[in-house]
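Have a look at the structure below before the remarks.
Order of listing sets the numbers, starting from 1, for every ligand and every atom in it.
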Amino acid sequence: MTVMSGTLYIVPTPIGNLEDMTLRAIRILQEVDLVLCEDTSVTQRLFKQYEIDTPTTVFYAQTGIKNIERIIEKLKDGKKLALVSDAGTPTISDPGVLLVDKIRKELPEVSIIALPGASALTTALSASGISSSQFLFLGFLPHKKGRETLFKEIAVSKRTVIFYESVHRIEKTLETLSEIVSDDRQVVVARELTKIYEEVVRGTSIDVKNYFHKKKDKIRGEFVVIVEGKK
Ligand code: SAM
């Protein structure tokens, strides 16, 4: 009996600027049998730009991933698949991690090859000028349960803290940070990275809160928040 073993490529895609694709990412997306994506219309825009006509299938849902058993069967059949998300590096704060976890546990014969590339986390951190020799990444803060505990942690953290925030909660979050983060620590809000209205705002927690309070038109798009560690 021949044992077939497929390959899953984890392929980062741009977080805004469509030029942020590596040559290798384009080649892999052209070569694989199927691309697992989040929203086909987002992935098709990218494919059009790079003349990729590989079939796609929606793989993400609000609650997690879909069709996992079908994907597993394809990998067992020796197929080459690529996992992409709408933006950035799949599996970083997105449900793609569930697939990689399952394959690592149940299908050790499948090769998992992760390509380096765009991520809002590293892009924000590198633009911030805040030390990243040690940092704590919190992903998205929970909406209710556990949120206060995390703010308490941020208030005393000696490490740089970084998290993702949505447009709906950014003002409230900055309000809370202004109450708990002392003036000798810098706070950075990086929004719309790599896009036309890219902006990196840095100052004390009160400065940053006031900036967005005065400029409501800037409360738009996607946000990464960074808080310098306590000295
Ligand atoms: N896996 C992605 C990555 O590696 O960047 C992150 C996925 S997470 C579901 C999406 C969040 O990343 C957004 O809500 C926002 O907080 C952040 N984000 C994504 N693109 C961004 C951008 N261009 N500028 C700022 N933040 C961004």
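- The environment of NZ in Lys195 is crowded: more than 12 heavy-atom neighbours from other residues, nucleotides or ligands sit within 6.0 Å.
- Ionic pairing of Glu165 and Arg147 is present here: one or more N-O contacts between side-chain nitrogen and carboxylate oxygen are shorter than 4.0 angstrom.
- With sequence neighbours left out, the ring-ring contact (aromatic ring centres under 6.0 Å, His included) criterion links Phe47 to no other residue.
- The pair Glu51-Lys48 fails the salt-bridge criterion, with no side-chain N (NZ, NE, NH1 or NH2) lying under 4.0 Å from an Asp/Glu carboxylate O.
- With sequence neighbours excluded, the residues forming a side chain to side chain contact (heavy atoms under 4.5 Å, CB included) with Val201 are Glu199, Val208, Tyr211, Phe212, listed by chain and number.
- The protein residues lying under 4.0 angstrom from ligand 1, judged by non-hydrogen atoms, are Ile15, Ala87, Gly88, Thr89, Ile92, Ser93, Ser119, Ala120, Phe140, Tyr164, Glu165, Ala190, Glu192, Leu193, Lys195, Glu222, Phe223, Val224.
- Residues satisfying the side chain to side chain contact (heavy atoms under 4.5 Å, CB included) test with Ser85, not counting sequence neighbours, are Glu38, Tyr60, Pro90, Asp94.
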